[in-house]
Amino acid sequence: MKKIGKYIGRAVLVSAALSMVSCLPMEAREHTTTVEGTYDFSARYDMSVAAGALQSSAGSWIAPDEAIVNSIMGLVKTGFGADVAAAVASNYGSTLRRDVRGYMSSSSPSWVMGLSSQVGLVDEQLKTVDIRGSWHIAAIAGQDSMDEEQTELGTEYEVTQMWSGISVFKNPACRAGGGLLCEQFHISTDTLLDSEYPVEIVSSRARVRTTGENLNVAAHDIELNYGRLGLYLLVNQLFPDKSAEKVGARDIALAAVNCRGLAGRLTGKDDVLGWEVLGVRVGLSLSDLVGSCEDSVFGSVNGLVDKFNLPLQMNLSGNARMIDSAREGKIDRIDQGRMSGAMTMPMGRAETRQGSVHGDFTAFRVGSFE
């Protein structure tokens, strides 16, 4: 019995000692995870709401063959008056259109006469747009990220987003069919800025708030010229070799149409295109026709370029999950990102294209501001 009492007494003493220790203040341990730094950023946006915008805008464009016929009839009107021009158009207009179109169909590349189908392809390609770039996440000046209010509500930062490149699928049907190895066009923003009709990608800023492992992106605007991006894709798919040599679209189109050859086909042995109407002998020289044709091609290309001036604005917000995979106190990956919002695109005086757009994004740390 004495031994048992002895053991019980020791147990009581140990218990009391442990109780005293538990009442002592413990050393505070803080673990801070920072998201500040620079990240490689990639996103894929579903832009289906803009589908058909390029075809819709370019629908009123005057094709080269039609522009050439209109220019020839303009020469007749200027030189011989409106009545004579109307008579020529009534009696010989259909033959002139047939001859111009027939020559161009047989002597020019197929894209010259089939441009509308190529515009349709670009419309389909731009339904899915991949973005590459960087995120720079920094603390907001004057904000103490560790004050009590910020700790409860989350910490707010500023993100500067810079685009470095854009990619689209060459064959949209491949991706739509579930293909995993579908080929893409990869275009750097430097290339777009240096193109004949520059596409300026404006950097954007947004506020983000972190709470636990969640990152929430506040609504912010992103702007780009959707039409100019479509024009770049159109030009570089129609004649990639020439465009790579910094040759302008008008020069390429002029070479493709071959105005001197067309003028030679339209004129007779005397190098004159002539008609007899209303008792008047109408004649246009070979040099007049060549000049008229070249002006028409230039005007047709310029008119096409004007149709591809479609500024687009997106107002987006989103969320993502932050990951510190190395458990070293630094976020090294931003994953499961989702962006969504509204898109607005003025199409002219009478129409504005509006709708929703959404996308996924990820980001990987590549450095810091320290």
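It should be emphasised that the depicted structure is a prediction, and the values quoted were computed from it without experimental measurement.
- Surrounding CG of Asp83 are at most 12 heavy atoms belonging to other residues, nucleotides or ligands under 6.0 Å away.
- When atom types are taken as modelled, the side chain of Ser108 and the backbone of Ala256 share a donor-acceptor pair closer than 3.5 angstrom.
- By the 4.5 Å heavy-atom criterion applied to side chains, Leu121 and Gln118 are counted as neighbours.
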### Task
Apply side chain to side chain contact (heavy atoms under 4.5 Å, CB included) to Leu231 and Val199, showing your working.
CA-CA 10 Å; Leu231 180 63; Val199 182; over 6 Å; no

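- Pairing each heavy atom of Leu289 with each of Ala263, the nearest pair is CB-CB, 3.8 Å.
- A donor-acceptor contact shorter than 3.5 Å links the side chain of Gln125 to the backbone of Lys170.
- A donor-acceptor contact shorter than 3.5 Å is absent between the side chain of Asp130 and the backbone of Ser167.
- Within the 4.5 Å cutoff, the side chain of Tyr197 has no heavy atoms near those of the Val235 side chain.
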### Task
Before giving the answer on side chain to side chain contact (heavy atoms under 4.5 Å, CB included), spell out for Leu266 and Leu96 the whole-Å C-alpha distance, their side-chain angles and the decisive distance to 0.1 Å.
CA-CA 8 Å; Leu266 295 177; Leu96 180 62; 4.3 Å; yes

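- Counting only heavy atoms from C-beta outward, the side chains of Leu312 and Leu229 never approach each other to under 4.5 Å.
- Between the side chain of Asn302 and the backbone N or O of Phe298 there is at least one donor-acceptor pair closer than 3.5 Å.
- Side-chain N or O atoms of Asp65 include none that pairs as donor or acceptor with a backbone N or O of Val69 at under 3.5 Å.
- Between the side chain of Ser57 and the backbone N or O of Phe308 there is no donor-acceptor pair closer than 3.5 Å.
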### Query
How far apart are the C-alpha atoms of Asn236 and Phe185, what are their side-chain angles, what is the distance that settles it, and do they pass the side chain to side chain contact (heavy atoms under 4.5 Å, CB included) test?
CA-CA 10 Å; Asn236 282 269; Phe185 284 116; over 6 Å; no

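- By the rule that hydrophobic residues join a cluster once side-chain heavy atoms approach within less than 4.5 Å of another member, Phe361 and Ile323 end up as members of separate clusters.
- A pairwise comparison of heavy atoms in Tyr226 and Ala53 identifies CE2-CB, 4.4 Å as the closest pair.
- Remark: side-chain polar atoms of Thr38 are not paired, donor with acceptor, to backbone N or O of Val366 under 3.5 angstrom.
- The two residues Pro198 and Leu193 come nearest to each other via the heavy atoms CB-O, 3.5 Å.
- Proximity of Val217 to Val159: side-chain heavy atoms (C-beta onward) are nowhere separated by under 4.5 Å.
- Between Asp221 and Asn315 the shortest side-chain heavy-atom distance falls below 4.5 Å.
- In the hydrophobic cluster analysis, where Ile, Leu, Val, Met, Phe, Trp and Tyr join through side-chain heavy atoms closer than 4.5 angstrom, Leu262 is grouped apart from Ile62.
- Asp360 contributes atom CG, which lies 4.5 Å from atom CZ of Arg338 (distance to the nearest 0.5 angstrom).
- Between Arg281 and Phe80, the shortest heavy-atom distance links the atoms O-CE2, 3.8 Å.
- The shortest distance between side-chain heavy atoms of Arg44 and Thr128 falls below 4.5 Å.
- Although no hydrogens or angles enter the test, the distance criterion places a donor-acceptor pair under 3.5 Å between the side chain of His220 and the main chain of Leu316.
- A donor-acceptor pair is defined here as one N or O able to donate and one able to accept, closer than 3.5 Å; no such pair exists between the side chain of Arg207 and the backbone of Asn216.
- Hydrophobic clustering places Val49 together with Leu310 (ILVMFWY residues linked when any side-chain heavy atoms are closer than 4.5 Å, directly or through intermediates).
- Taking all atoms of both residues into account, the shortest heavy-atom contact from Leu54 to Leu126 is CD1-CD1, 4.0 Å.
- Counting heavy atoms from C-beta outward, Asn309 and Val305 have side chains that stay 4.5 Å or more apart.
- A 6.0 Å sphere centred on CZ of Arg265 holds no more than 12 heavy atoms belonging to other residues, nucleotides or ligands.
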### Task
With side chain to side chain contact (heavy atoms under 4.5 Å, CB included) as the test, would you mind laying out the steps for Glu200 and Asn225 before giving the verdict?
CA-CA 7 Å; Glu200 183 176 356; Asn225 196 312; over 6 Å; no

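- Here the side chain of Ser300 pairs no donor or acceptor atom with the backbone of Ser296 at under 3.5 angstrom.
- The shortest distance between side-chain heavy atoms of Leu273 and Asp288 does not fall below 4.5 Å.
- With values rounded to the nearest 0.5 angstrom, Glu213 atom CD is found 9.0 Å from Ile331 atom CD1.
- A donor atom on one side chain and an acceptor atom on the other are found under 3.5 Å apart for Ser42 and Thr362.
- Side-chain N/O atoms of Asn214 and Thr211 include no donor and acceptor closer than 3.5 Å.
- One distance of note links CD of Gln313 with CD of Glu223; it measures 5.0 Å at 0.5 Å rounding.
- Linking Ile, Leu, Val, Met, Phe, Trp and Tyr whenever their side-chain heavy atoms come within less than 4.5 Å leaves Met339 and Phe364 in two separate clusters.
- Counted by atom type alone, Ser48 and Asp46 present one or more donor-acceptor pairs between their side chains at under 3.5 Å.
- When all heavy atoms of Ala87 and Val277 are compared, the pair lying nearest together is CB-CB, 4.1 Å.
- Between Ile137 atom CD1 and Leu215 atom CG the span is 6.0 Å, to the nearest 0.5 Å.
- No continuous path of hydrophobic side-chain contacts links Phe169 to Ile131 [ILVMFWY only; heavy atoms under 4.5 Å].
- Asn258 and Tyr103 share a donor-acceptor pair across their side chains, judged by distance under 3.5 Å alone.
- In this structure, Gln161 CD and His136 NE2 are separated by 10.0 Å, a value rounded to the nearest 0.5 Å.
- Atoms CE and CD1, on Met343 and Ile222 in that order, are 13.5 Å from each other to the nearest 0.5 Å.
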